[in-house]
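Working notes for the structure below.
Chain letters run A, B, ... following the sequence lines, proteins first, then strands; residues in each count from 1.
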Protein chains: 2
Amino acid sequence: MSNLPIYLQVASDLKEKINQRGYKPGDMLPSANELAAQYQTTRTTIQKGLTTLNSEGYVSSIHGKGYFVRQPEETKYTLFFNERECIAVTRTKLLQVDIITPTQELCEQLRIRKSSRVILIRWLLYSEDIPVAHDVKYLPYDRGKPLVEAEIHYATLPEIVAKHASLFSIKKTLRIRAVKALPSTCKLLNIKEDQPLMMIEQKLYNEKNIPIGWGQLFIRDDYCNLVAVSSYSNKPEFSF
Amino acid sequence: MSNLPIYLQVASDLKEKINQRGYKPGDMLPSANELAAQYQTTRTTIQKGLTTLNSEGYVSSIHGKGYFVRQPEETKYTLFFNERECIAVTRTKLLQVDIITPTQELCEQLRIRKSSRVILIRWLLYSEDIPVAHDVKYLPYDRGKPLVEAEIHYATLPEIVAKHASLFSIKKTLRIRAVKALPSTCKLLNIKEDQPLMMIEQKLYNEKNIPIGWGQLFIRDDYCNLVAVSSYSNKPEFSF
DNA sequence: TAGTGGTCTAGACCACTAG
DNA sequence: TAGTGGTCTAGACCACTAG
């Protein structure tokens, strides 16, 4: 059953007790000294186990007092999203690449001046040769950046901006909505006006929190796979 | 600038180099021995820093070889969802509590037999006295559980099942869709048939991976706030 | 075989809490 | 003041990698 190192054994035992409500949210765990005695090991090893439990969200510590069981984050899910995988994209068609004068909304979204320019890229995404999504992206225009590459092959918004921003520190936000299709979108996707569409709005920020990209993806609901799972289930626990 | 403990200083320095592309995904970091020499500390302390970096998703290690920069998980977002907060619920109205014979779909969703019974709970959720969402929940019926409490006040699906399952190990999944409203739903929400609705389907599993609850939430798009953020941004780094 | 990461020991000093 | 967690040292032994 257990060839686990001691510190993981400790963490695993405590997790089980927490899950079985032996320790309830708000309860204090035994002190590291007590646990060290129980497991016949040193406090250092116990601390390592408690640190693990902390980083996995089970407990938190108060200096000088002890470790306490956290309230589980019932509200938090892990959502997987990218333009290609949310749909099963098999083919893409470039509709437009342009440098445009931003609208009022674009100025606000990208926090730029009316006088600046914006790159507009529009794609039609196909799944099994059926047009299923309309992808619209806006990027602040810098003379430095060549945009020819955009015309060659399809890239997700993070892929596009990743070249000009630091890797892990790009902040991304999504807003998910259900919308009525515009007549023009209906034509593009060959659907009726009453067919609801998913709209996924994506906004990217650089490490200084300045918007560097904005996108709207309109997807036929019947081809959209948007799924989220609770965050604890993919923690290194038991796996099925 | 830095009263950080050594191990966090190490982690922070490495993060910055990774973000600035000093180390690129796939690159090997300096060994713990080298870093210990650089920072004039012991390998133990360096290891602690590297462990931190690992648990934050920046690097992973291969035993006997070294630490390597990971590919950032561009696809992963943190989504916040619960029935109450996704909308700004100000009032709730119980529509129905019943014990029903499951439909074919219910049997499949909850993995139960045709002969078993299911608790059906329906609520209407109001925001500022406007009906904005229709909430339908299904729970496998056990004679043990009293269901009177369901009629007293509104509870989210996780809140309901939390009483009978272990805390952190409940697995939850969401599926997000855009749907046309049924005529009956239109009447409930007082909307036109062509107004698209968000449908959020929630399914809960216990620690043995058995479904213990299923819910469908139909929300007026204009009152639904479904937002997700990239997972790295809420890591303990800089915060704005 | 030299070097790497993974774990652990037995201590130390410190900041913090609470009676 | 006793007990707690947070950090760190200077070592040890092990499993693993790669020449």
Side-chain angles (χ1 to χ4, degrees), chain A residues 1-15 17-18 23-71 235-237 239, chain B residues 1-15 17-18 23-71 235-237 239:
Chain A
M1 186 67 204
S2 98
N3 257 337
L4 286 177
I6 307 173
Y7 79 98
L8 284 182
Q9 187 62 56
V10 173
S12 156
D13 288 356
L14 290 171
K15 268 187 222 178
K17 260 181 208 143
I18 290 169
Y23 301 120
K24 299 187 194 74
D27 282 1
M28 194 170 76
L29 298 186
S31 78
N33 284 321
E34 288 178 67
L35 289 169
Q38 252 181 61
Y39 283 89
Q40 307 208 53
T41 182
T42 57
R43 192 167 69 92
T44 313
T45 295
I46 297 294
Q47 282 287 5
K48 198 171 174 186
L50 291 170
T51 301
T52 305
L53 231 49
N54 185 334
S55 75
E56 290 179 4
Y58 284 80
V59 301
S60 57
S61 65
I62 298 178
H63 191 163
K65 290 185 78 176
Y67 276 85
F68 298 84
V69 179
R70 276 198 217 161
Q71 208 69 39
K235 287 285 157 54
E237 269 184 295
S239 54
Chain B
M1 183 72 200
S2 98
N3 256 338
L4 286 178
I6 307 174
Y7 79 97
L8 283 182
Q9 187 62 55
V10 172
S12 158
D13 288 354
L14 289 170
K15 268 186 221 178
K17 261 183 207 141
I18 290 170
Y23 301 121
K24 300 188 195 70
D27 283 0
M28 194 171 77
L29 297 185
S31 78
N33 284 322
E34 288 178 66
L35 289 169
Q38 251 181 60
Y39 283 88
Q40 306 209 53
T41 182
T42 57
R43 191 166 71 93
T44 313
T45 296
I46 297 292
Q47 282 286 3
K48 198 171 175 184
L50 291 170
T51 301
T52 304
L53 231 48
N54 186 335
S55 76
E56 290 180 3
Y58 284 80
V59 302
S60 57
S61 64
I62 299 178
H63 192 165
K65 290 184 80 174
Y67 276 84
F68 298 84
V69 178
R70 274 196 221 165
Q71 208 70 37
K235 288 287 157 53
E237 267 184 299
S239 54

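- In this structure, A:P25 and A:R70 approach most closely via the heavy-atom pair CB-O, 3.7 Å.
- Residue order along DNA chain D, read from the 5' end via each residue's closest nucleotide, puts B:I6 first among B:I6 and B:K65.
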In residues 32-43 of chain A, what donor-acceptor pairs under 3.5 Å come from side-chain atoms, sequence neighbours left out?
| from | atom 1 | to | atom 2 | distance (Å) |
| --- | --- | --- | --- | --- |
| A:Y39 | OH | A:D13 | OD2 | 2.6 |

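- Taking a heavy-atom distance under 4.0 Å as the criterion, the stretch of DNA chain C touched by chain A extends 5' to 3' from C:dT7 to C:dA18.
- The only member of A:L53, A:D27, A:T51, A:T52 that meets side chain to side chain contact (heavy atoms under 4.5 Å, CB included) when paired with A:V59 is A:L53.
- Considering every non-hydrogen atom in both A:A11 and A:G49, the closest pair reads CB-O, 3.9 Å.
- When all heavy atoms of B:T45 and B:Y7 are compared, the pair lying nearest together is O-CB, 3.5 Å.
- The residue among A:H63 and B:L29 whose nearest nucleotide of DNA chain C lies closer to the 5′ end is B:L29.
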- Per-residue pairing states of DNA chain C in dot-bracket (Watson-Crick or G-U under 3.5 Å; . unpaired, | other strand) read ||||||||||||||||||.
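- Positionally, the nearest nucleotide of DNA chain C for B:G64 lies more toward the 5' end than for the other of A:T41 and B:G64.
- The minimum heavy-atom distance linking A:F68 with A:I62 is given by the pair CE1-CD1, 3.9 Å.
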- Message: Evaluate B:L14 against B:L50 for side chain to side chain contact (heavy atoms under 4.5 Å, CB included), listing each step before the verdict.
- Response: CA-CA 9 Å; B:L14 289 170; B:L50 291 170; 3.9 Å; yes
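- Residue A:T44 is classed as a base contact, given a heavy-atom separation below 4.0 Å to a base.
- In terms of heavy atoms, B:E56 sits closest to B:K15 at OE1-NZ, 2.7 Å.
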